[in-house]
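Because the structure is predicted, anything quoted here is derived from the model rather than measured.
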Amino acid sequence: MTNRRKVIAQVLNNGPTASLQQSLTLLAPITDEEIKNAMFAIPGTKAPGPDGYSNFFFQDNWELLGRDICEAVRSFLYSGKILKEINSTTLTIIPKVKCPNTPSDYRPITCCNVIYKVATKILCSKLKDILPDIVAQNQGGFVKGRLITHNILICQDLERHYGRRSSRANCMIKLDLQKAYDTIE
């Protein structure tokens, strides 16, 4: 870790930050009710984790397992440490078409452990009300109500007006991210 550069605090302070109230919301203790709600909000039919247990198992046995699940989720969220057995994920590929011929005919999915899914769901529920305030309006991802398709519409609108005599000099760049990830360091 010695090669890592330190974050320059001044750069962070120039951007949007969470308010005191938002910070208190993020730091509020996680209740058993929040954990139970997160568990039951995940459809029981989702793919099971590497341990073979789906959400149905944990939901159907909540009275027996609920206390242990709450303890495990809170332990992970408060300490940042998680058992490797809980953190293990199975990555598999699913064909998108009937007769796949190329790698792009498949889509990868990850089968995460249920406790990991619950912890993630809790973090997402805490962040969903804060992200719209700290993510710039021109960013399309990760904020409810914003879609990447909006960016496509903006690009189409820009392209339609590109090169008109009445507009000032400008430039447009298109990146193929699938290829860019192979070449950018």
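A pairwise comparison of heavy atoms in Lys126 and Ile30 identifies CE-CG1, 3.9 Å as the closest pair. The two residues Asn113 and Ile86 have their closest heavy-atom pair at CB-O, 3.1 Å. In terms of heavy atoms, Ser104 sits closest to Lys96 at O-NZ, 3.1 Å. For Cys111 against Pro48, the heavy-atom pair with the smallest separation is CB-O, 3.2 Å. Nearest heavy-atom pair, Thr102 versus Tyr106, reported as atom, atom and distance to 0.1 Å: O-CD1, 3.5 Å. Closest approach of Leu91 to Pro108, counting heavy atoms only: CD1-CB, 4.1 Å.
Atom CG of Asp60 and atom CG of Asn55 lie 10.5 Å apart (nearest 0.5 Å). The line from NZ of Lys81 to CG of Asn87 is 14.0 Å long, rounded to the nearest 0.5 Å. From Ser23, atom OG reaches atom CD1 of Ile130 across 7.5 Å, with rounding to the nearest 0.5 Å. Atom-to-atom distance recorded for Asp105:CG and Cys99:SG is 9.5 Å, nearest 0.5 angstrom. The CG atom of Asn37 sits 4.5 Å away from atom CD of Glu33, with the distance rounded to the nearest 0.5 Å. Atom OG of Ser75 is separated from atom CD1 of Ile82 by 8.5 Å, given to the nearest 0.5 angstrom.
Partner of Ile35 under the side chain to side chain contact (heavy atoms under 4.5 Å, CB included) criterion, chosen from Leu77, Ile115, Ile122: Ile122.
Put simply, the side chain of Leu26 reaches to within 4.5 Å of the side chain of Leu127, judged on heavy atoms. For the pair Glu85 and Asp51, the minimum side-chain heavy-atom distance is 4.5 Å or more. Annotation: side chain of Pro29 is in contact with side chain of Tyr78 (closest heavy-atom distance under 4.5 Å). Residues Lys117 and Met39 fail the side-chain proximity criterion, which asks for heavy atoms closer than 4.5 Å. Within the 4.5 Å cutoff, the side chain of Trp62 has heavy atoms near those of the Ile69 side chain.
Summarising the local packing, CZ of Phe76 is surrounded by more than 12 heavy atoms from other residues, nucleotides or ligands at distances under 6.0 Å. Under a cut-off of 6.0 angstrom, the local environment of CD in Glu71 is sparse, with at most 12 non-hydrogen atoms contributed by other residues, nucleotides or ligands.
The hydrophobic cluster analysis finds Phe56 isolated: no Ile, Leu, Val, Met, Phe, Trp or Tyr side chain comes under 4.5 Å of it, directly or through other members.
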Going through the distances and angles, do Val118 and Ile42 end up as a side chain to side chain contact (heavy atoms under 4.5 Å, CB included)?
CA-CA 8 Å; Val118 170; Ile42 300 170; 4.1 Å; yes
Stepwise salt bridge (charged side-chain N to carboxylate O under 4.0 Å, His left out) test for Arg74 and Asp32:
CA-CA 9 Å; Arg74 259 194 297 279; Asp32 288 355; 2.6 Å; yes
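Applying the ring pair (Phe, Tyr, Trp, His ring centres under 6.0 Å) rule to Tyr53 yields the partners Phe57; only residues at least two apart in sequence or on another chain are considered.
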